[in-house]
Structures are given as C-alpha cells and as structure tokens.
**Student:** 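Let me begin by handing over the structure; questions about it come next.
Counting starts at 1 for both ligands and their atoms, following the listed order.
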Amino acid sequence: MGSSKKKGQQRKAAAKKALSAATVERSVSGLSGDSGSNSNINGGNSNQSKIVAKVKRGNNYATKRLTSGVEEEGFSYEQSGVLSAVLGFLKRCEDETFDQVLSSVGGDLKSPSSWIYILSRGSYIEPSCKLQIAENIGPLVRCMSNDMERLLFKSNKHWREGIVPFVKLISNVMENEDNNSLEDEKIIKTLLQHDDLIRTVVQMGFWDVHRPDIVKELKYEGLVSTDIVRASGILIEMLINGMEGESRIRLLKNIGTTPIVNKEYDSSCMVSYTAELVRGLKTEDQRDVTFQILQLLMREADCIDKDVVTEMIKLGTNAAFTSDYEGAYYVTLLSLRCMYANATNNLSDTRVACTIRAGLIEMCLNFIEHYGEHEFFAGDDDESSSFYNIIGCILQGINNVSLHQKSAKAIRSIPVVNVSLRVARMLLQCQIKLREKTNINNNTKCKELLDMVSSALDINGSYCCRCNKSLSKTKVMQCNGCHRMSYCSRACQKEDWLNGGHKLACCKSYTDEKSGQFQGRIFPVAVPQNERAATKLEELETNLNMVQLKMFLYKSETILSQASSLNIPLYDCVAMFDLTNSLPTVGVVKYTSFYKKPEEKRGFEESRSKDNITCTFCTYFYGGESEDRVTVQRFFPHEWLSKQIK
Ligand SMILES: [Zn+2]
Ligand SMILES: [Zn+2]
C-alpha cells in the first residue's frame, strides 16, 4: 500500500507509544492530590517506625510523607504493617464516615485519598503487595464504581478526590511484571472479582460525552474529564494484555458488551462498547488503535450484534465517509468479519442477512464507486489484503449464501430497481473508461465486482418452478409432498407433476436406476440429523429450485454452443451449474462423464426422456457443522432453450 501503509504504520507505532503505562502515570499524576514532595523521611529506623505508628493512627503529616514516595531503603509497606492498616481503614468506606474512622484512632488526616495513594505507591514500589491489595479493596471498588451516589466514606467530596488515586491504584496493581505472567494474571483475576470494576473502567471512557453530571463535579476538584477518559482506554488495554486463553475471551466479551453509560443514569442508551468504538472509526484520531481493539473484540470474542453491524454499515454508507480511503478500508474489513459465525467460522445466513439489511451491498457499491480508481485499490505488494479483494470476499460471501432463507429474504427486500440502475450506470462508466484505456487494471476489477453485485441480485427471487413467472408473496403454491417446489398456479403444479417428472421425484430419493428421471437432490443423499439444519437445507432447496429455470434460460446461449462444440445431442448432455464461484458458471459435459458408475450410466440411458436436457445445480450449504455442497438435478425440455434464443 506504499506511502499510505507506511503512514499507517508510523501512526500505529505512535499510538502504541502513547498508550504505554507511562501515560497513565502522566495523565493521572499531577491532576491533584499527589503532592510529589522531594523531602526525605529523615533519621534511622526508629524515626521510620515512629512514622509507621503515626500512619496507623491516621496522622496527617506522617501519611502525607509516605504518599510522597520517599521511603527509606529497606522500607516495606507489607512488613511495616502500613499496608494492612490502610486496607483496614479503606474497608470501612461503605458504612462509616471518614470522621468516624479517624476518631476511632484519633487521627487528623485531611482526606482518605491519601490512603488510596499509599496503596498505589505500595503496589508500585513493592509488587508483592498487589495480591493483598487486589483481594481487599472490594468496598473501595464498590464505592468508586457507584457513579450515581458517588459517595466515599459517605461523602461526595471524598469520592471526587478519590477518582484520580483510584484510577492510578488500579493501573499500578495491574501493571505487568514481565517475569511472572501467571502471578499477574492471578492479580487481574482477583481484581475482576469485584463485579463493577469492568463496567466502571469502560464507562469512565465516555464520561466526557455522556455524563455532564460527573464532568461538573470533577471540575470542582480542578480535574479534566478527558484525562480520565484517556486513562480508561489504557486500563482496558492493560486488562486485555494481562489475560490469556479462555479468561481473556471472557474478559473481551464482557468489555465489548458493556453499555457505555450506566443504565441507572440513562436507561435509553444501551450502546455497547463495541458499537461505540465502531462509531469512533470515523475520526482519524487514534483510529489504528480503535481498529485493533475492534478486531480483538470481533474476532476473538465475537462481539457482533445487530447494533454493531448497523453502526458499521451506517458508517460505510455515510456520504462523508467516501473521501476517507483508510477509514473505508477498515470498515470494509470489519464488515467482512460480521458475515461469519464465530462457532464454526463459516458464513452465517443470519449474519449475512443482518448485514444485507443494514445496507452491505449499497456500502460495497459506494466504495467501488469512490475508490475503484484509487491507486492502491487493487493493492501493490499484497493483493490479498487489497481493498478490491476484501470487497470481492464480501460479494462472494453474499453470492454463496444468497439462496439461504434469511439472506434470500434480505436481498429481496432491497429496493432492487435503485441498486440495479446504479450498477448498470457504473458498469457503463467502466466500459467507457476501458475504451479510453485509463487504468485498465482497475476498470476490469471494478467491472468484476459490479458483476458480482448484479449476480447476487439476479439470482435471487421467487419464480414458478414450471413457468418461471415471478411469484408474489401472497400467491405461492407449494408442493404439499416435499415442500420444495413452488408454483404460480394449480395448473403449473399439475403440469409439473404429470409431465415435468415431479411425481417421480417428490419425496423420493435418488437411485441409480432412476438417474434419468429423478428431479431433486442427488448430493448429499442424507438429510442432516440436526432438525434445524434439515429445515435450513429444505429452505435452501426451495430457493434454489425457484431460480433454476431462470438461470437455465439466462445461460441458454452458452449451453447450446457448448453442446454443439461437443457435437452431441442435447439429451446426452449434462449442464452443470456451479454456484459456488464468485459468479455462477455452467459447463456442459456428456452424461458418461457425469455418471461415473456403470449402474448410473445404464439407469440414465434407460430412464431418461429424449425431450429433456439434464441440469445439475451445485451450491454451498451453511447450516450444519461444516461447509457442505448440495447438488440438485433438474430436467428442462430442449424447446425452452431454443425458444429463448430466436
Ligand atoms: Zn407457473
Ligand atoms: Zn413435491
């Protein structure tokens, strides 16, 4: 991708750097409370033990000294008992006031935030403290997470003062000690046992936009909400990086589905973290980081729901987004992911249908139209990750699943006239440009993609299996026996039953002896065990049956010319339609190369009708455990072919 890629990489590196833990230190230190004094705790051990004793009694001077980070060599928060004393104080933050706690020890400390700073400092200087801290800050986490009441030691002011040291504490406790990742993971898991922590960390990232009440309060303390917002992103990254395997996936899922606003504050805003990140893609600021987190959430934890898909496609069809190549590329890449089911990693009918309804096809057209001529559209060094290829994957996916029930319905709900007109206009432009020979490569690629759009729209539809008349939703007659054939009228149904051979095929499965008159599924012969999959397969066959005649007539010229070059009569031909390619293809062969077994060959010769040509239609079926192929056999009278040509 040349310079834009390089630019992207530079940006990525810069963003990574900006997200290092040091930034938390920077963005939350100096906000308030942390006095950062340089003075020393003078004197020897006796002096130190005096200070420790004073801290345990809630003495202001001694406590502030310790928070300023000038411990003597050999000082231990754990050994000295400071740690357990401070944790003991903070455990009372839900039920008692600060004054009550202080008066129980006769102290004069000004703010409980100093205790939080001591824990933060302790976990930084003495990593062995972390687990004990993580285990014992439940009450503190609950108080700080309650962003509706906002009380710490029953005081709103103390809560406000506590925010920055709290964020810093969580960050310090989570900070990786590279040498012991097991211990680190244990600490993070312990932290996450405090239920509200993830929700709070996520929602802090949106305080500036969604919580004017908190922003106002933070201002009292001279705090800027954007610093907290930034810290939220860093904490999330630390959390994710600190976990592995199953627990990491659970964590990602948890984060990705957390609503960005406390529902007690606004029950109407149920936007998930993932959906909100998608919205964030439209601004260039930190886009690479946003994209990477989205990839994690969507790929690893499958945080894909209707909202996420809708936001994604909304962005991709937004007019303002048509001049932003990089953004468009990211959206396309993530949209492709939205078409796949996480469990099987196969295309999912439900998901593809959801993306189509959200406007996936329109989005692809948008991007072909606006970026088809872009110098990197077809890729330079790596074509597989090119914009052209990603759009191609999406369109091929749509084509492969377009006859499944939900996707078929979704495609039929597209205002096809508008889209077809647009495709036709764009194809025309391509041809004009091709004649002018401007960038032939890009033009043929655009044309290829546009043909795929046309094909998805063309193939889809409901047509009478006998006469190819378009079926309205209300007037479809289905064969009561197999529920796989649809007709426009009783007359067509009767005609197909008596003369079309359906009587022989309905509800009966393929046998070698009947290979020349059997109309139905020949592969796979078995019906899936799973009832849901069996229903899905039946729906697929119904949709496939409705478009066969249309496809047959559409390809009549190709079939006739291939048959004549083989120099065999039409009744000796098998026209094999392959719908598993990016565009449907047809290939004509002599029946002897299609029916391999002698019994099959004999069966065909004995039972066929000389008036018909044999056709097979092969398509993918996504509904079972794996991606399967389904092949269905039909016969069509020759006269239909030649009538079509004229
Ligand atoms: Zn009909
Ligand atoms: Zn039937």
**Student:** Which protein N, O or S atoms does the Zn ion (ligand 2) have within a distance shorter than 2.8 Å?
**Tutor:**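 Correct list: Cys479 SG, Cys482 SG, His502 NE2, Cys506 SG.
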**Student:** What protein N/O/S atoms are found closer than 2.8 Å to the Zn ion (ligand 1)?
**Tutor:**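 You should have found Cys464 SG, Cys467 SG, Cys488 SG, Cys492 SG.
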**Student:** Should the ring pair Phe387 and Tyr325 be called parallel, tilted or perpendicular, given that the plane angle runs from 0 to 90° and is split at 30 and 60?
**Tutor:**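 Judged by the thresholds at 30° and 60°, the geometry between Phe387 and Tyr325 is perpendicular.
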**Student:** Checking Phe577 now: which residues fulfil ring-ring contact (aromatic ring centres under 6.0 Å, His included) with it, not counting sequence neighbours?
**Tutor:**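 Result, ring-ring contact (aromatic ring centres under 6.0 Å, His included) vs Phe577: Phe617.
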**Student:** Quick one: CG on Asn346 to OH on Tyr622, what's the gap to the nearest 0.5 Å?
**Tutor:**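 It comes to 7.0 Å.
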**Student:** Return yes if a side-chain donor-acceptor contact under 3.5 Å exists between Lys406 and Thr350, otherwise no.
**Tutor:**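 On atom types as modelled, these side chains qualify, holding a pair under 3.5 Å.
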**Student:** For Glu276, is there an ion pair with Arg279 - N to carboxylate O distance below 4.0 angstrom?
**Tutor:**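 Glu276 and Arg279: salt-bridged.
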**Student:** Give a yes-or-no answer on whether the side chains of Asn366 and Arg422 include a donor-acceptor pair shorter than 3.5 Å.
**Tutor:**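 A donor-acceptor contact under 3.5 Å links the two side chains.
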**Student:** When the side chains of residues 542-550 are checked against the rest of the protein, which donor-acceptor pairs come out under 3.5 Å, sequence neighbours left out?
**Tutor:**
unit_1	atom_1	unit_2	atom_2	d
Thr542	OG1	His483	O	3.2
Thr542	OG1	Glu538	O	2.8
Asn543	OD1	Arg412	NH2	3.1
Asn543	ND2	Leu403	O	2.9
Asn543	ND2	Gln405	OE1	2.9
Asn543	ND2	Glu539	O	3.4
Asn545	OD1	Gln548	NE2	3.3
Asn545	ND2	Arg484	O	2.8
Asn545	ND2	Glu541	O	3.2
Gln548	OE1	Arg634	NH1	2.5
Lys550	NZ	Asp458	O	2.8
Lys550	NZ	Tyr463	OH	3.0

**Student:** Between Ser272 and Asp307, does any side-chain donor sit less than 3.5 Å from a side-chain acceptor?
**Tutor:**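 There is no such pair between these side chains.
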**Student:** Would you check, one step at a time, whether the test side-chain contact (heavy atoms from CB on, under 4.5 Å) holds for Met485 with His502?
**Tutor:** CA-CA 9 Å; Met485 305 300 274; His502 188 60; 3.3 Å; yes
